[in-house]
Amino acid sequence: MSPYLSLIFSVFLYLRVYGAAVNKPNIIILFADDLGYGDLQIYGHPTSSTPNLNSMASEGLVLTQFYSANPVCSPSRAALMTGRYPPRTGIWPGVLNPNSIGGLPHNETTIAEALKTAGYKTGMVGKWHLGVGENGTYLPTNHGFDYYLGIPYSNDECPCTICYYPNAPCNSPLKIPCNPSFVSCPVFENTDIIEQPAHLPTLSTKYSNAALGFIRANAGKNPFFLYMAFTHVHQPQFSDEDYTNTTLRGPFGDALAELDNEVGLIMSTLKDTQVDDNTFVFFASDNGPSLRVQQQGGNAGLLRCGKGSTWDGGMREPAIAWWPGKIRQGKTAELAATVDLFPTIMSITGAKPGSAFIDGIDMSPILFDSKPSNRESYVYFPAIYDPNIGYHAIRWKQYKAHYYTSGGIGLCPDTYPDIVCRGNYSRRSHDPPLLYDLHQDPSEIYNLDTTRYADVMANIDAARKNFESTFEYSESQVQRGTNEKFMPCASPGCSPFPSCCKTSSQESTLWTSYSSSRV
Ligand SMILES: *[C@@H]1O[C@H](CO)[C@@H](O)[C@H](O)[C@H]1NC(C)=O
Ligand SMILES: *[C@@H]1O[C@H](CO)[C@@H](O)[C@H](O)[C@H]1NC(C)=O
Ligand SMILES: *[C@@H]1O[C@H](CO)[C@@H](O)[C@H](O)[C@H]1NC(C)=O
Ligand SMILES: *[C@@H]1O[C@H](CO)[C@@H](O)[C@H](O)[C@H]1NC(C)=O
């Protein structure tokens, strides 16, 4: 190469590399808790109030066949973070508790770790639910996040105290809505507890302030990844005075309206900081609605059953992809899932995924090119995974075969009208499997005769064999047991434990000034 050409080449290379670093898109995942397929206005709910999600949907792409990886929280979130079906990650069966010894294993690569390696600033706000462990070893800041603020598990895994401003009690319809033997819910900032017990009426403001502060600190300076995992709309419902009694839909509707406001604040901050055209935002939920809290839980719309069940109501979720000028506007019925976000984000950002087997499939063709999904099949793992039983159902194209069904374990009332969803409807096997055409029958009502669908069954069997040839599960982290001493306590060594665990008022004041300084 001549010196002249070589100079041009170097300048070109410099611009490419430098330009690419500056222009790497920001990534935001907005993840709701126990929000059902039928809960948003855009999915047909008549009395929800979700103006900000409506706008996000009208500017972006609404997915109508998008799945979470599990009908309960911890396994679903493990899959979102790693792109791997939950049993591979060890997050099974069921969920982690504040006193759990285990958590997401450190050898798993999270989206945050991969993006941090690629030069991103990484922040998380909200519900983690992938473990706390001894000395907080499993908290987000030990899994690739530079910054974390939130209650690291569900708001019913602690005594219920105040849910409404200024200090009105929670009013769940459950006799025992929360776990009174656990420590009061802590709000962590990184690995420090800044508020215990968490004051739920002002929690959403804390979450928004932390998220907005993180965006403002990085917008235009560093590419950033924000994982915003709302505590809403898990029971017990709560809201601040601006939202309580403001919707037609009662406590759930008020909580959803408050979540929607958090979404709106994030979206307007992207516009204010002029990074909206360079930010990929994806909204979804971890699992279906909590039917056991009746009107105070969500709604799966036309889908069957809810949280805890592998019927579609337990796992098919509202989902919106947004990136103005990049992601097409409209609606798609293409098949996709939370595990697909990991490889999609790697593909958008050029980050490297690590060496673990990834179940996710890059969604780019659906998002950017209006092309068919590269995903042909999907595997439904139950809330209570048992290695001797394995997955419960498999979807191939529009067909779904159930090899096992069970009701919503403890998560659906025993008196629920549809018997198969009931909490006391125990697991049963189906041979031949129950077969449904989800395009013609999304509610899974009309069981098809498998002998008449022999060609479909052959394709489903091929998808099963293909999946099974790659599948291995990791030892259960949930079954490692519990240790009361690992429960997060702001005043270590105090007694009587755990009710004595509290932050001093001084620390609360510190938080107030800290939080107002960020906005
Ligand atoms: C946790 O902290 C305690 C007290 O500092 C220490 O004795 C213990 O070894 C730590 N455990 C781990 C796993 O770091
Ligand atoms: C909301 O309505 C309920 C039921 O009418 C009432 O008990 C409660 O005080 C109201 N809360 C607020 C903050 O207005
Ligand atoms: C579940 O409980 C309901 C209400 O008590 C009862 O009527 C029903 O028979 C039970 N179903 C099963 C499968 O045990
Ligand atoms: C992490 O380690 C466990 C236990 O050795 C193993 O089963 C699992 O496959 C490992 N995960 C990864 C991503 O390497």
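Order of listing sets the numbers, starting from 1, for every ligand and every atom in it. Side-chain atoms are counted along with the backbone in the values below, which use heavy atoms only and exclude waters and symmetry mates.
- Within 4.0 Å of ligand 4, contacts by protein heavy atoms are made from R84, N107, E108, A356, S474.
- Residue contacts with ligand 2: T244 is placed with no nitrogen or oxygen under 3.5 Å of a nitrogen or oxygen of the ligand (distance criterion only).
- Listed by atom number, the atoms of ligand 1 under 4.0 Å from N135 heavy atoms are 1 (C), 2 (O), 3 (C), 8 (C), 10 (C), 11 (N), 12 (C), 14 (O).
- One finds the NE2 atom of H199 at 7.5 Å from the OH atom of Y165 (value rounded to the nearest 0.5 Å).
- Cation-pi geometry between R316 and Y37 is met: the NZ or CZ atom falls under 6.0 Å from the ring centre, inside 45° of the normal.
- A search for ring-ring contact (aromatic ring centres under 6.0 Å, His included) contacts involving F471 returns F381, F467, not counting sequence neighbours.
- Against a heavy-atom cut-off of under 4.0 Å, N245 is close to the following atoms of ligand 2: 1 (C), 2 (O), 3 (C), 8 (C), 10 (C), 11 (N), 12 (C), 14 (O).
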Ring pair (Phe, Tyr, Trp, His ring centres under 6.0 Å) between F230 and F31, worked out: CA-CA 6 Å; F230 306 95; F31 211 50; 9.4 Å; no

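- Side-chain atoms of D39 come within 3.5 Å of backbone atoms of G36 as a donor-acceptor pair (strictly under, hydrogens ignored).
- E113 pairs by the salt bridge (Lys or Arg N to Asp or Glu O under 4.0 Å) definition with nothing, not counting sequence neighbours.
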Solution key, residues 74-82 side-chain donor-acceptor pairs under 3.5 Å, sequence neighbours excluded:
residue: S74; atom: OG; partner: L96; partner atom: N; Å: 3.2
residue: S74; atom: OG; partner: H129; partner atom: O; Å: 2.9
residue: S76; atom: OG; partner: D286; partner atom: O; Å: 2.7
residue: R77; atom: NE; partner: D286; partner atom: OD2; Å: 3.4
residue: R77; atom: NH1; partner: K127; partner atom: O; Å: 3.0
residue: R77; atom: NH2; partner: D286; partner atom: OD2; Å: 3.0
residue: T82; atom: OG1; partner: A78; partner atom: O; Å: 2.8
residue: T82; atom: OG1; partner: R84; partner atom: N; Å: 3.2

